[in-house]
Number of protein chains: 2
Amino acid sequence: MSAYRDSHGKRLIDYWRPSVAVDTAVLTVRDGRLCVAVVEKDGARRLPGTFLHEGELLADAVRRSLDLKAGIRGLAPRQLHVFDAIDRDDRGRVLSIAHMVAVPDAVLADARLEPVSSVKDLKYDHDDILKLAVDRLRAEYREAPDPAGLLPDTFTLLDLRRLHEAVDPDGIPRRDTFRRLMEPKLAATGELERGTVGKPARLFRRR
Amino acid sequence: MSAYRDSHGKRLIDYWRPSVAVDTAVLTVRDGRLCVAVVEKDGARRLPGTFLHEGELLADAVRRSLDLKAGIRGLAPRQLHVFDAIDRDDRGRVLSIAHMVAVPDAVLADARLEPVSSVKDLKYDHDDILKLAVDRLRAEYREAPDPAGLLPDTFTLLDLRRLHEAVDPDGIPRRDTFRRLMEPKLAATGELERGTVGKPARLFRRR
DNA sequence: TCATATTTGCGCACTTTCGCGATAACTACA
DNA sequence: TGTAGTTATCGCGAAAGTGCGCAAATATGA
């Protein structure tokens with residue numbers, strides 16, 4: 001604890017402070033659809049979150065929250081926006097620092113997933129958090145091949161395209177344009193897919 | 001104060017909470033250059049900021065801070081990022097919710113302005129905050145004519161172009177392309193500039 | 001061996017975007 | 001009236017982007 005005192009002899013903790021929560025939109029693709037992890041508590045559906053603890057970075061709080069609630073590790077959550085409505089939480093003044101992270105489907109084996117296109121009526125402002133997260137993810141998928149690493153280590157162009165179609169159905173270009181945009185940003189493995197009828201597809205890795 | 005108690009009989013305020021500050025990059029264009037307002041305190045240069053007070057929204061805290069320190073009113077500050085390093089502040093644990101706002105030059109008549117291209121060594125992480133703000137402003141100026149409203153109520157295309165050149169010298173297209181991009185998004189006043197030699201330029205307003 | 005299915009590459013037509021030279025229009029000034 | 005200076009428009013060539021039909025290549029399966 002700092003020894004600092006201001007000109008009134010007060011420490012920082014002598015002044016009013018809000019509670020700070022982190023809430024996270026955890027996104028994945030399952031069955032060809034973009035989905036979000038939702039938890040239920042006290043009868044209300046919401047995005048997973050927690051209060052920030054002493055000595056913790058925001059990203060660490062996000063990780064702790066998701067580890068405890070869904071056994072998810074190795075995340076790189078990103079900040080979206082701070083939600084600060086005075087009365088957004090009945091328990092008291094709480095700022096929510098919304099985050100997002102996208103993970104491969106298998107990571108969320110035990111989580112309750114809902115397709116983002118049909119999610120509504122989440123508690124607090126979590127519908128708004130989800131919208132920001134989806135918009136952000138889609139913008140990223142328009143610029144780069146699988147930036148969130150949802151595919152396995154190696155994949156074909158068709159695998160990639162199907163993933164992008166799931167993430168951003170309305171923003172994906174047609175066949176050749178998609179390939180011209182994405183292929184230069186991939187690392188060719190030099191190997192071919194096996195076990196398929198027809199000319200085998202080339203395998204790639206993300207760079 | 002909420003009557004809420006958790007399963008341990010504790011209120012939210014019984015738990016650890018960080019201090020929350022708002023710091024703002026206030027940007028403007030002066031003498032053809034993008035500048036930022038800098039304040040000096042305890043011998044260190046920094047962006048203006050304040051701690052969040054009870055019952056206050058983040059944007060209100062930003063407005064209070066800038067009103068008190070520079071008599072600036074009528075702002076619409078936007079969030080940038082939350083800086084959360086554990087020891088970013090000697091006085092104790094402080095989260096900084098960085099904001100940005102761009103205002104016409106005249107609003108900052110009494111402020112100390114520095115060209116963003118030469119600002120460095122601000123206290124805390126304020127160099128990082130400034131970089132985010134400049135990047136955000138430039139991205140916006142690539143998409144729309146004077147989105148921050150730095151020009152007077154009416155202006156010519158040349159006025160607009162000179163402003164955009166000041167904000168984003170490296171991102172502005174050539175003559176006709178700039179006009180094709182921006183003119184459709186402006187409202188023609190139907191009036192012409194007066195007092196100039198040569199064909200008078202048309203006057204526009206932002207939409 | 002042949003059929004089927006798939007991937008890949010490519011040529012090409014079309015569309016869109018970009019930048020600029022040239023010119024007309026129009027004002028203030030001499 | 002003529003000149004200088006500025007704005008605005010336009011035609012046009014070049015560049016970039018898009019999408020697709022088609023054929024070659026290549027694997028698996030019968």
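Letters go in sequence order (proteins before strands), and every chain restarts at 1.
- If you measure from atom CG of B:L203 to atom C1' of D:dT6, you get 14 Å, rounded to the nearest angstrom.
- Classification of B:E183 and B:R202 as a salt-bridged pair holds, one side-chain N sitting under 4.0 Å from a carboxylate O.
- Ranking C:dT6, C:dC10, C:dA22 by closeness to the A:K199 side chain, first place goes to C:dT6.
- Looking at B:D176, its side chain has no donor and acceptor atom pair within 3.5 Å of the base of C:dC18.
- Checking the phosphate oxygens (OP1, OP2) of C:dG9, no side-chain nitrogen or oxygen of A:R175 falls inside 4.0 Å.
- Between B:R194 and C:dT27 there is no side-chain polar atom (N or O) within less than 4.0 angstrom of OP1 or OP2.
- OP1 or OP2 of C:dG19 has at least one side-chain nitrogen or oxygen of B:T177 nearer than 4.0 Å.
- Put simply, the residue from B:R46, B:R112, B:R45, B:K123 that forms a side chain to side chain donor-acceptor pair (under 3.5 Å) with B:E40 is B:R112.
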So which protein nitrogen or oxygen atoms get under 3.5 Å of nucleotides 12-16 of chain D's nitrogens or oxygens?
none

Do B:L58 and B:H99 pass the side-chain contact (heavy atoms from CB on, under 4.5 Å) test, and can you show the C-alpha distance, the side-chain angles, and the key distance before you say yes or no? CA-CA 9 Å; B:L58 294 167; B:H99 286 71; 4.0 Å; yes
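- The line from NE2 of B:H81 to CD1 of A:I97 is 9.5 Å long, rounded to the nearest 0.5 Å.
- Between B:F178 and B:L160, the closest side-chain pair of non-hydrogen atoms falls below 4.5 Å.
- Dashed line: the shortest gap from a side-chain N or O of B:R179 to OP1 or OP2 of D:dA8 is not under 4.0 Å.
- When all heavy atoms of A:V167 and A:L137 are compared, the pair lying nearest together is CG1-CD2, 4.0 Å.
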